[in-house]
Amino acid sequence: MAGKGANSSNTKGKKKEVKKETGLGLSYKKDDNFGEWYSEVVVNGEMIEYYDISGCYILRPWAMSIWEIMQTFFDAEIKKMKIRNCYFPLFVSPGVLQKEKDHIEGFAPEVAWVTKSGESDLEVPIAIRPTSETVMYPYFSKWIRGHRDLPLRLNQWCNVVRWEFSNPTPFIRSREFLWQEGHTAFATKEEADTEVIDILELYRHIYEEFLAVPVIKGKKSEHEKFAGGLYTTTVEAFIPNTGRGIQGATSHCLGQNFAKMFEINFENDKGEKAMVWQNSWAYTTRTIGVMIMVHGDDKGLVLPPKIASVQVIVIPVPYKDANTQGIFDACAATVKTLNESGIRAEVDSRDNYSPGWKYSHWEMKGVPLRIEIGPKDFANNQVRAVRRDNSAKIDIPMANLVEQVNDLLNNIQKSLFEVAKQKRDACIQVVNTWEEFAEALSQKKMIMAPWCDEEEVEKDVKARTKGEMGAAKSLCSPFDQPELPEGTLCFASGKPARKWTYWGRSY
Ligand code: 87F
C-alpha cells in the first residue's frame, strides 16, 4: 500500500542498513521499486502527509515553501506582462458549468458536487470548480465592451478539484491541487499567439532553471489538445524510471470558441463588432512531483538550490572533550554570514540527536549542501561542506565562505540539470518504422518518430499499443524540429510524414 513501505515486508531490494543505525532511511530503492520509493520519499522527506480521503494530501511546509518560491518568480514575471491577479469563487452553479456543453462533456464524471448543507438538501447542487472557464467568461463578456478594454489579462492562484479515479499519486495526480490559471482576451490572434509562447517560456524557465528538470517545448496533437481550444502548447518532461512522459504545464490558444459561446464581443477601432481571441494557461503542484521523481535518490529527496527553502544546513560536530561552545558559536556565525549574503542557511543545534542522525535527516529532506564544523575545522578556522547530489566533500576557509558556498550552490544547480538531461536524452530513441517503435516502447523509451499527423493514425497507435502498461500516445511535436528529409514516411501509417513527434507512455 502506498506510503506504508516502512512497515511492509521486504519484497524487493535490501531493507535498510541506514535504518538500523539511525532509524531513518528508505525501505525501497528508486531503481528496484519506484512506486513505493516515491510514496515513501514524499513522506519521509516531510513534503506530504497522507490524508484519510483518497487522492488528497497534506502539503507540509517543506513542500509549500517550494511552491511559494516558484510562485514568487512567476507572479513577478506575469505582472511585468501586465497580467493582473484576481479571485473568482470556488463554487459553480450547474447552469453556468454546463453552458459550454462540448467542453464539459468528457470531463463531467470528474466534477465534484456539494448537495447538502447540514442535514438539508440544497435546492440546487453546486459544483466545485475543476477549472474556471465557465466561471470567468460570463464576466469577460460583461467587462469587455470596446477595444480599449482589451487586452484583458487575468490570473488567479487557487485550488481546483477533479474527482479522478485512476491511481492517485502525491503531486502528480491528486483530487485537489494548487495551480495558477491565466485567462486572457485580445483583439487580435497575433497578440494571443505571442502570449501563448511567452507563457510557455516561463514554464520552461520554472522547470529548467528552478527545478533543474529538462523539458521539451512543443505542440499537442489534435487528439491530445484541450478540446475547447484552438491549439495547445506544452512543456513535456520525462521520468526515466517509469519510461513515462509527463505534461509539465500547458499554454492554450482558445481561438474564438469560448468568445462565441459566452458572447465576448467588442467594438473594434473601426467601429465594427468583433469577437475576442482568448488564451488560458496553467501550471500546478505537479511540478514538485516531477522534480522529486527526477532528482530523488536512495537517500531521499534531492532539492535543487534555487527552490530549497534551506540551501545549507550547518551541523555542529562536537567530540567529547572539544570546545563545544566554540563550535556552536562558529556554526551560528557561519549561518549569520551566509544569511547576510542572501543564502538560505540554518543550523541544527538540537542536542537530542547525534551528528550522524542529523546527516541522514537532512539528506532525506534533500538539503543541497551540508556544512559540518568539528574540532579540527574549528581549530583551522574552516568548515567542511558536503554536497547532497554527489557526496563530494570540500574544506572551505572561513575567509572564502560566501564565495565558495555560492559557487557550490550554482554548481549543484547546474549539475543536477546536466545529469537529469543526460539521463533523459539517453531515453530518447529515434525510430522510423513500427517495428523499431514497438521495440523502443518495450524499452521504456521516449520515442521520436516521423508522423503523418492524422488523428485516425494516433487513435490506431493507441489501440495497437494497448496493454497493462497503458497505451502509447503522442506527447508533443517539438518546436525545435530536426530536418525531415523529403520522402520520409510515417512510422505508423506509411503515409508521407509531416513532422517529427515524440511518443511514449505517459502519466
Ligand atoms: C475536469 C473537469 C471539468 C480539464 C477538467 O488547461 C472540466 C475540466 O476543462 C477541464 N479537466 N479541463 C481542461 C482545462 C483547460 C484549461 N483550463 C484553464 C487549462 C489551463 C487553465
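Both ligands and their constituent atoms are indexed starting at 1 by order of listing.
Here Lys220 pairs with Glu236 in a salt bridge; the nearest charged N to carboxylate O distance falls below 4.0 Å.
The atoms of ligand 1 that sit less than 4.0 Å from any heavy atom of Phe107 are 1 (C), 2 (C), 3 (C), 4 (C), 5 (C), 7 (C), 8 (C), 9 (O), 10 (C), 11 (N), 12 (N), 13 (C). Close approach to Thr250 involves these atoms of ligand 1, each under 4.0 Å from a residue heavy atom: 6 (O).
Nearest to atom 9 (O) of ligand 1 among the protein's heavy atoms is His103 NE2, 2.8 Å. Among protein heavy atoms, atom 21 (C) of ligand 1 sits closest to Ala282 CB, 3.6 Å. For atom 16 (C) of ligand 1, the closest non-hydrogen atom on the protein side is Glu133 OE2, 3.2 Å.
Both cation-pi conditions hold for Arg175 and Phe165: the charged atom is under 6.0 angstrom from the six-membered ring centre and inside a 45 degree cone around its axis.
You'll find the ring centres of Tyr203 and Phe74 inside the 6.0 Å limit. Checked against the 6.0 Å centroid criterion, the rings of Phe73 and His205 qualify as a close aromatic pair.
Any N or O atom pair closer than 3.5 Å counts here, and His183 shares no such pair with ligand 1. Any N or O atom pair closer than 3.5 Å counts here, and Glu110 shares no such pair with ligand 1. Remark: ligand 1 and Thr131 share an N or O pair separated by less than 3.5 Å (distance only, no angle test).
Between Trp67 and Trp157, the ring-plane angle classifies as perpendicular under the 30° and 60° cut-offs.
In terms of heavy-atom proximity, Arg286 sits nearest to Gln247 at NH1-O, 3.1 Å.
Not one N or O on the side chain of Trp281 forms a donor-acceptor pair closer than 3.5 Å with the backbone of Ile199.
With a 4.0 Å cut-off on non-hydrogen atoms, Phe226 touches ligand 1 through its side chain and not its backbone.
Of the options His252, Arg129, Arg162, Gln180, the smallest heavy-atom separation from atom 4 (C) of ligand 1 is shown by Arg162.
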